[in-house]
Amino acid sequence: MMRPRVRADFARCFRLATVQQYELQLLSPAAAGLELRRAQKISALLVYEPGAAGAGTGVRPRPQKAQPSLVPPHAIAFDAFRLTLVQCRWHIAANMAAIMEGHETEGLHQLRVALRRLRVALASFGGEFRTPQLETLRLHAKFLAAQLAPARDLDVFLTELFEPAAGANGSQDAFAVLRARAEAAQRQAWGEVVRQVAGPRFRMFMTDLAEVIDHGASPLSGTRGMVALQMPACALAQRMLAHRRRQACKSAKGLEGLSDTGRHDLRISLKKLRYTAEFFAPFFEREQVQKFVSRLSRMQDVLGALNDVAVARSILEALVAADEPDFAPRAELSFAAGIVYGWHLERAAHTWQDAVARWKKFANTKEFWNTVQ
């Protein structure tokens, strides 16, 4: 474990610059030795400065995936918490650029992933870290993600769900009308995305997140709070991962007969387990973590595909019911929508069989957190 003074400098090194720059600064790189040199890698992840990304270069900002955790293997909980939030904030800010200046659909997807990861991070360090301030931040992230959801759903619907089904069933005029309506709804939803990301609520959210990172878990007080801050993050990781695994297994109970709601709950539990595993990965054997996360990710993909079918149904219903000036006969639109939905519903049955098989394989995967480096 790092010496007290080293720990203090290590914690200070993750202060953020202004909200406009979203740039990380290392204040004392020499003090923490190897751990700080490792953490300096994060300063290379340049993030969003409104109006400046790619300015004068003709380079359009690209979507960014979450980076591997940079938490040092011997960090205390306080440092691990703050550094995890730093990386979540970078992930959010970097994809704001891809949306505002590139209108990248993958950037929108990654921004929603970043907001979900932040919400999981805020709940992945135990009850001692769940202060009113952090709970408010978590709910704010949830609200913002919900504002972005319609555009993302329409992106997936048009590219992954509608076109394959329509293409496989001929070129009926009703398909063209449904496509045009979906594209119009997509443009409107994307306009809302840009408005939200550029708006005051998002700026306030990023300011509040920076404040939490600057001051860490300062609202914690009392003996219990101080013990939580100073405990080895590895021990906390073992406890939280075991908790997440129990939650996932509980959600998977009666797997073969799960309703759509039950499948959705299982998908959410698996996401929380996966993100928590990624946050704490540096504490454990790399190959074991990768094997666990890989199987978990494949299970998520199957459940995600099933969720997309459910989302497609609601989108198709809205498109058919819309009062549009194209005067398309509703009966023809309903028939075309039914073809699209039925095309995917048939495949969903086979997909669910795959999900059951994958769960059994995942359930037998070794719990890597029982083997510490």
Side-chain angles (χ1 to χ4, degrees), residues 11-27 39-57 59-71 80-122 124 133-134 136-149 151-152 190 192-216 275 278-279:
R12 291 176 60 241
C13 78
F14 301 114
R15 294 179 60 84
L16 294 177
T18 64
V19 175
Q20 288 73 32
Q21 286 186 320
Y22 303 149
E23 184 177 0
L24 305 179
Q25 296 181 357
L26 291 175
L27 301 183
Q40 269 183 309
K41 294 178 183 178
I42 202 171
S43 67
L45 304 176
L46 299 179
V47 289
Y48 183 47
E49 180 178 355
T57 66
V59 177
R60 189 167 69 175
R62 306 299 299 172
Q64 299 290 336
K65 293 185 178 182
Q67 300 296 305
S69 174
L70 292 175
V71 175
F81 178 72
R82 294 180 70 191
L83 182 50
T84 299
L85 296 193
V86 165
Q87 291 195 261
C88 288
R89 189 174 189 271
W90 168 81
H91 192 198
I92 294 169
N95 287 291
M96 290 171 67
I99 290 172
M100 294 297 297
E101 301 182 34
H103 284 210
E104 292 274 3
T105 57
E106 178 63 17
L108 173 57
H109 171 56
Q110 288 300 324
L111 179 56
R112 293 189 69 228
V113 170
L115 290 168
R116 283 198 301 265
R117 285 174 62 88
L118 174 64
R119 287 161 54 198
V120 174
L122 289 169
S124 289
Q133 179 188 17
L134 299 182
T136 298
L137 188 65
R138 189 188 68 81
L139 292 175
H140 200 169
K142 183 177 182 179
F143 172 84
L144 292 172
Q147 306 310 300
L148 309 179
R152 175 58 186 169
W190 259 89
E192 179 62 17
V193 164
V194 173
R195 189 183 72 82
Q196 287 288 342
V197 173
R201 186 183 290 271
F202 224 109
R203 289 197 299 272
M204 183 187 305
F205 168 74
M206 295 299 282
T207 301
D208 291 344
L209 179 52
E211 180 72 13
V212 167
I213 292 170
D214 275 347
H215 298 288
Y275 296 154
E278 290 173 345
F279 295 148

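Please read all numbers here as calculations on a predicted model, not as lab measurements.
Considering every non-hydrogen atom in both Ala93 and Met206, the closest pair reads CB-CE, 3.9 Å. The minimum heavy-atom distance between His91 and Ala66, with the atom names listed, is NE2-N, 3.3 Å. For the pair Arg82 and Asp214, the tightest heavy-atom approach, listed with the atom from each and the gap, is NH2-O, 3.0 Å. When all heavy atoms of Met100 and Val194 are compared, the pair lying nearest together is SD-O, 3.8 Å. The two residues Arg152 and Thr105 have their closest heavy-atom pair at NH1-O, 4.0 Å. The minimum heavy-atom distance linking Gln87 with Ser69 is given by the pair OE1-CA, 3.5 Å.
Between the CG atom in Leu209 and the CG atom in Leu134 there is a gap of 10.0 Å [rounded to 0.5 Å]. Atom CG of Leu148 is separated from atom CD of Glu192 by 9.0 Å, given to the nearest 0.5 angstrom. To the nearest 0.5 Å, atom CG of residue Asp208 and atom OG1 of residue Thr136 are 9.0 Å apart. Taken to the nearest 0.5 Å, the CZ atom of Arg116 stands 5.5 Å off from the CZ atom of Arg112. Rounding to the nearest 0.5 Å places CG of Leu111 at 4.5 Å from CD1 of Ile99. Expressed to the nearest 0.5 Å, how far CZ of Phe81 lies from CG of Leu83 amounts to 11.5 Å.
The ring pair (Phe, Tyr, Trp, His ring centres under 6.0 Å) search around His109 returns none, not counting sequence neighbours. Shown here are the side-chain contact (heavy atoms from CB on, under 4.5 Å) partners of Arg138, two or more places apart in sequence or in another chain: Arg119, Leu122, Glu135. Every residue two or more places apart in sequence or in another chain was checked for a side-chain hydrogen bond (donor to acceptor under 3.5 Å, both in side chains) with Thr84, and none qualifies. With sequence neighbours left out, the side-chain contact (heavy atoms from CB on, under 4.5 Å) criterion links Ala151 to Leu108, Ala189, Trp190, Val193. In terms of the salt bridge (charged side-chain N to carboxylate O under 4.0 Å, His left out) criterion, Glu106 has no residue partners (sequence neighbours excluded).
With Asn95 contributing its side chain and Gln64 its backbone, the two residues share a donor-acceptor pair below 3.5 Å. Remark: the backbone N or O of Lys65 is paired with a side-chain donor or acceptor of Gln67 at under 3.5 angstrom.
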Q.
Walk me through whether Arg117 and Glu278 qualify under side-chain contact (heavy atoms from CB on, under 4.5 Å).
A. CA-CA 10 Å; Arg117 285 174 62 88; Glu278 290 173 345; 2.6 Å; yes

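The closest side-chain heavy-atom distance from Gln133 to Glu211 is below 4.5 Å. With a 4.5 Å cut-off on side-chain heavy atoms, Val86 and Leu70 do not count as touching. By the 4.5 Å heavy-atom criterion applied to side chains, Cys88 and Phe279 are counted as neighbours. Looking only at side-chain heavy atoms (C-beta outward), Tyr275 and Leu118 stay at 4.5 Å or farther from each other.
For residues 140-149, no residue pair satisfies the salt bridge (Lys or Arg N to Asp or Glu O under 4.0 Å) rule, not counting sequence neighbours.
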